[in-house]
2 protein chains.
Amino acid sequence: MNVTTIKDIAKIAGVSHSTVSRALNNSSALNEETKKRILEIARDLNYTPNTSARSLVLSKSYNIGVFFSSIYDGTSSSFFHNVIKSISEKVGSNYNIIVKSIDTYIESYNSINPKNFDGIIVVSQKKEDDSFIKKVIEKMIPVVVLNREVKDLEVNNIVSNEIIGVYEGIKHLINLGHKDIAIIEGKEDFESTKVRRKGYLKAFSEFKIDIMNEFIVKGDYGLESGYLRAKDLLKLEHKPSVIFAFNDDMALGAMKAILEAGLRVPEDISILGFDGSVFSHYLTPSISTIKRPIEEICYYGVKILFNIMKNKNVEIEKKSFKTFFIERDSILPKK
Amino acid sequence: MNVTTIKDIAKIAGVSHSTVSRALNNSSALNEETKKRILEIARDLNYTPNTSARSLVLSKSYNIGVFFSSIYDGTSSSFFHNVIKSISEKVGSNYNIIVKSIDTYIESYNSINPKNFDGIIVVSQKKEDDSFIKKVIEKMIPVVVLNREVKDLEVNNIVSNEIIGVYEGIKHLINLGHKDIAIIEGKEDFESTKVRRKGYLKAFSEFKIDIMNEFIVKGDYGLESGYLRAKDLLKLEHKPSVIFAFNDDMALGAMKAILEAGLRVPEDISILGFDGSVFSHYLTPSISTIKRPIEEICYYGVKILFNIMKNKNVEIEKKSFKTFFIERDSILPKK
DNA sequence: GTGAAAGCGCTAACAA
DNA sequence: TTGTTAGCGCTTTCAC
């Protein structure tokens, strides 16, 4: 015998396979005794249901797809881990979590079918994900998009307001007398880059700070790029008094570059990061950063997803959590 | 109409559904023209196959399970991300990667069925995972266990030899004159803790270094525990001249504690980490560490898994990759 | 309380 | 080259 099926159990128990099915799903009225007997046999035979068969008849896959724009490029480890942890925790173990990277998911989105996914969570970074999201919507799969504000599509969308956090962080810097604020931006095609940029531009314009073009450099959210771009900044004749990196990883890289140049953090150059990742607190100096509530976003996203899965007609929801500036030791007033 | 099926296509194309199936799988000889027509209709109708149905008949799920001992506790973000990236990359997009945490995967391993998983990768930390692995083997699911050496089970097993790396790291320290080497161990129930312990014990005994009980403390692989345990160590009257943390996260925590105490790294206290995670290189000072080749382990693991999946009768393979000491700036000779 | 039978969407053996 | 048919393992309706 290969794998135990309900038929095998039925034969041994001397009942029909439908009775076995009923017992296994402890459905309707059926004799307590036969039920007990069947369950016992199932256990002895090490029975586990064939999910494909069950899915086929129930039109329910017990699969939740978690699609990142990319799991390879531009996604920091702490963010990635945090997202998976939070989603897994909230989803529970009744469902499978299938992790995919949209950028390598070519084959014309071949498995995007409501029968294959009970729900889909898109952890989106790029506007280009819209074509994928659109497919998902067309297929009527319950879907929620996290992390990036989707403008052109009617879809459940949970994000954090990153402009506010950045604005506040920059405002704090300006209030401390800083004007020479350099920025290491993230990947150009990531929305987070554009949004965070808006945040500092808002603060700059409000406080009438001149934007120095040579102070704005492009990173890619990776540690190395933070290091390299900060090195570039330090070569400038007129050096910045602060470096604001668009994520904590790059902030760490930048700090290395500063210290390597024989300068001190924060005495010579202050640093501001973004994400509020755990490790940033343990650096010396601890890095001031802008915290985005990844867990809340994920929890809330899953909650909504399950709502839609249960009750198709709920209204589309857009929600934005706050981000906030966390002051730590990497910032000092301008000398 | 709900979701397009091959029957819908068949009706429109005026052929039988089996012809559609053939066209879709571009099987055997069938009229190029009808095939083309069918494919076109399929595209127009936005057809995507129902994987449950396909799985059911083919006895192939296109699911690869990636089971961690825990995705929540004791698993560092960089390790987790690295593993998922490496496995995903090698597996390719024909398969679904289902990420699970064994510790929360109670319900008597209910979905462990060869029909539900074409293959399973266990990223194992604890001996207790053996009961899970055993179930998988019993069910004849192709399986490979990564990361932890499995002793009591005949199973494909790809690990790294961590004893050697630790031994070399400690030897290096001893050669630099260090004797007061403190250790922050990892989670007690993780095999990695035991193995890395063996590494330093081997070096200690070989070089006849006395083991100071108060120098051996228990962390949990989390940043905070590195910080806290290092603080404890610094309260000792006779302070260590080196702290070796069983992973880079704890090393970072330990460094914070040392610097906070007004001591310098490495001038006053040297630090050695473990993992070779990317960020450890960007810390200041960069942390000397022991590199384990996670990518290689994962790549090789996937390769073997696919081998077994294709050809059931391949021999069981045990393979161990080397770990090696990476010298960086966090270590100085004993004063 | 239980069995018979149909059917979920697909593939494949067998006919034609 | 194509259609008919059976069947993968399961749930569920309808009888009894």
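Convention: sequence-line order gives letters A, B, ...; per-chain numbering from 1. It should be emphasised that the depicted structure is a prediction, and the values quoted were computed from it without experimental measurement.
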Sugar-phosphate only, base, or nothing, as touched by B/Thr34 at under 4.0 Å among non-hydrogen atoms: sugar-phosphate
Residues at least two apart in sequence or cross-chain that pass side chain to side chain donor-acceptor pair (under 3.5 Å) with B/Asp152, listed by chain then number, are B/Lys127
note: B/Lys36, atom NZ; D/dT1, atom P; distance rounded to Å ~ 16 Å
Across all chains, not counting sequence neighbours, the salt bridge (charged side-chain N to carboxylate O under 4.0 Å, His left out) partners of A/Glu188 are A/Arg197, A/Lys218
Sorted by chain and number, sequence neighbours left out, salt bridge (charged side-chain N to carboxylate O under 4.0 Å, His left out) with A/Lys187 holds for A/Asp73
Residues passing the ring pair (Phe, Tyr, Trp, His ring centres under 6.0 Å) test with A/Tyr72, sequence neighbours excluded, are none
Students should find that the end-to-end axis angle of the helix from C/dG1-D/dC16 to C/dA16-D/dT1, with five pairs defining each axis and rounding to 10 degrees, is 40°
B/Tyr299 meets the side chain to side chain donor-acceptor pair (under 3.5 Å) criterion, sequence neighbours left out, with B/Glu89
Hits for salt bridge (charged side-chain N to carboxylate O under 4.0 Å, His left out) against B/Arg148, two or more places apart or cross-chain, chain-then-number order -> B/Asp130
B/Glu33 atom CD is separated from D/dT1 atom P, nearest whole Å, by 12 Å
>> Using ring centroids (six-membered ring only for Trp), state whether B/Phe67 and B/Phe117 fall under 6.0 Å.
In response: yes
Salt bridge (charged side-chain N to carboxylate O under 4.0 Å, His left out) filter on A/Lys126, not counting sequence neighbours, yields A/Asp189
In B/S/- notation (B base, S sugar-phosphate only, - none; protein heavy atoms under 4.0 Å), nucleotides 8-16 of chain D written 5' to 3' is BBBBBB---
Rounded to whole Å, CD of B/Glu32 lies from C1' of D/dT2 at a distance of 15 Å
